[in-house]
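Below: the structure, in structure tokens.
For the numbers below, each heavy atom of this structure counts, side chains included, while hydrogens, waters and symmetry mates do not.
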Amino acid sequence: MPNFQQITPHIFKLNLRWLGIPIGVWLVEDHGEWTLVDAGAKSNRPAIVAAVKAKLVDTIPARVVITHGHRDHVGGLQAVIDAFDCPVWAHPKERPFLMGDMIYQQIRWSWWGYRIGSYLVADRWRYPVAKEIEEGDTVAGCEVLHVPGHTPGHIALWHHEDRAVICGDVYVNLLIARLAGAISFFTPDLAASQRSVEKLAALDVDYILPSHGPPYHR
């Protein structure tokens, strides 16, 4: 089973795979409290639960924060809820997709390719969202940034002290040491996604931590 690896003083990454694609799940420590960020794909459920138990030993995550609700980020969420009974936090614009009130195929798209891609990453979930978090909020020692485009309520987590940003799918690093923006086929609003790329590029950080591919150190 894979284990969490330390990336920065407070951020740890679990490296998983789904359909051959690397997926990152994160644990962030803040004064002895732990936050899980994202929950991988459905096939990752046993590995995520086992890795969290192995890392935290005698405690559990205080919450799970969802960057966005695509199936490779929330497919393991039910197993996390069942194992640890931790509340789910997400952006208010992502909440209806997580709670099953909307599906991603309903998003008004800016180009035809998304109509194909949306069926590959999306599903109708029914996960309870206990708390909404928005731009400027603080969680796990991180500032919440709203970075839409890939999904309406996509967020990133900026850890000022560690000079790192957990960016979900705003960036991918599927080519070694070469960041790219979100994969277009899974992104309905390409213009908004580019603005989010530029927003994160302007941050004063050393590490950009995408969900797909290794951490990027600049």
* Min side-chain heavy-atom separation C86-V80 under 4.5 Å -> yes
* To do: Please answer: with hydrophobic residues joined when any side-chain heavy atoms are less than 4.5 Å apart, are Y127 and M99 in the same cluster?
  => yes
* Cluster check F84, I48: I/L/V/M/F/W/Y, side chain < 4.5 angstrom -> yes
* In Å and rounded to the nearest 0.5 Å, what is the OG1 to CD1 distance from T151 to I107? -> 7.0 Å
* Asked: Given side chains that start at C-beta, do those of H212 and I183 come closer than 4.5 Å, heavy atoms only?
  -> no
* Q78 vs K42, side-chain contact (heavy atoms from CB on, under 4.5 Å): CA-CA, chis, key distance, verdict -> CA-CA 9 Å; Q78 189 60 57; K42 189 174 182 179; over 6 Å; no
* To do: Output, in order, the C-alpha distance, side-chain angles, deciding distance and verdict of side-chain contact (heavy atoms from CB on, under 4.5 Å) for V28 and I166.
  => CA-CA 10 Å; V28 184; I166 298 173; 3.8 Å; yes
* **CG (D101) with more than 12 external heavy atoms under 6.0 Å** => yes
* Asked: Can you tell me if N173 uses its side chain to pair, donor with acceptor, with the backbone of R178 under 3.5 Å?
  -> yes
* With distance as the sole test, does R124 use its side chain to make a donor-acceptor pair with the main-chain N or O of I103 at under 3.5 Å? -> no
* OG-CG distance between S196 and L145, expressed to the nearest 0.5 angstrom -> 9.5 Å
* side-chain contact (heavy atoms from CB on, under 4.5 Å) assessment of W26 paired with V65 -> CA-CA 10 Å; W26 311 87; V65 172; over 6 Å; no
* To do: Check I81 against P128 and note the closest heavy-atom contact, atom names and distance.
  => CD1-CD, 4.4 Å
* R108 atom CZ, neighbour heavy-atom count above 12 within 6.0 Å -> no
* To do: Examine L179 and V197 and state if one hydrophobic cluster contains both, with Ile, Leu, Val, Met, Phe, Trp and Tyr joined whenever side-chain heavy atoms are less than 4.5 Å apart.
  => yes
* To do: Decide yes or no for S43 and L19: does some side-chain heavy atom of the first lie under 4.5 Å from some side-chain heavy atom of the second?
  => no
* Structure fact -> d(N44 CG, H73 NE2) to nearest 0.5 Å is 11.0 Å
* **Donor-acceptor under 3.5 Å (R195 side chain, P148 main chain)** => no
* Is a side-chain N or O of R71 found less than 3.5 angstrom from the main chain of L120, in a donor-acceptor match? -> yes
* Please tell me if the side chains of K199 and V170 come closer than 4.5 Å, counting only heavy atoms from C-beta onward. => no
* **Partners passing side-chain contact (heavy atoms from CB on, under 4.5 Å) against K93 (at least two apart in sequence or in another chain)** => H91, H146, P152
* Can I66 be reached from W125 by stepping across I, L, V, M, F, W or Y side chains whose heavy atoms are under 4.5 Å apart? -> yes
* **Separation of H150 NE2 from D189 CG (nearest 0.5 Å)** => 12.5 Å
* Asked: What's the shortest heavy-atom distance between P215 and P210, and which atoms?
  -> CA-CD, 4.3 Å
* Could you name each residue pair satisfying salt bridge (Lys or Arg N to Asp or Glu O under 4.0 Å) that touches residues 152-170, not counting sequence neighbours? => R163-D204, R163-D206
* Hey, is the main chain of P92 close enough, under 3.5 Å, to the side chain of E132 for a donor-acceptor pair? -> no
* **Of Y119, F97, F186, Y104, the residue whose pairing with H70 passes ring-ring contact (aromatic ring centres under 6.0 Å, His included)** => Y104
* Structure fact -> Closest non-hydrogen contact found for A164 with L209 is CB-CD1, 4.1 Å
* Side chains of P61 and V52: does their closest heavy-atom pair fall under 4.5 Å? -> yes
* To do: Could you walk me through whether L157 and V144 pass the side-chain contact (heavy atoms from CB on, under 4.5 Å) test, one step at a time?
  => CA-CA 5 Å; L157 299 176; V144 175; 4.0 Å; yes
* Would you check if the side chain of E135 reaches a backbone N or O of D137 as a donor-acceptor pair within less than 3.5 Å? => no
* Any V147 side-chain heavy atom under 4.5 Å of C167 side chain -> no
* Non-hydrogen atoms of G69 and L98 that approach each other most closely -> CA-CD2, 3.9 Å
* From NE2 (H159) to NE2 (H10), nearest 0.5 Å -> 5.0 Å
* Structure fact -> d(Q105 CD, Y114 OH) to nearest 0.5 Å is 6.5 Å
* To do: Look at the side chain of W34 and the backbone N and O of T59, then say whether any donor-acceptor pair between them is shorter than 3.5 Å.
  => no
* To do: Indicate yes or no for a side-chain donor-acceptor contact from T8 to the backbone of I11 under 3.5 Å, with no hydrogens or angles considered.
  => yes
* For the side chain of S110 and the backbone of P188, is there at least one donor-acceptor N/O pair under 3.5 Å apart? -> yes
* S184 versus W111: any side-chain heavy-atom pair under 4.5 Å? -> yes
* **Heavy-atom side-chain proximity of P46 to M1 below 4.5 angstrom** => yes
* Could you pull out the closest heavy-atom pair between Y171 and I208, with the gap in Å? => CD1-CG2, 3.9 Å
* Identify whether L27 and V25 are in the same connected component of the hydrophobic contact network (ILVMFWY, side-chain heavy atoms under 4.5 Å). => yes
* Looking only at non-hydrogen atoms, find the nearest pair between V49 and A83 and report the distance. => CG1-CB, 3.8 Å
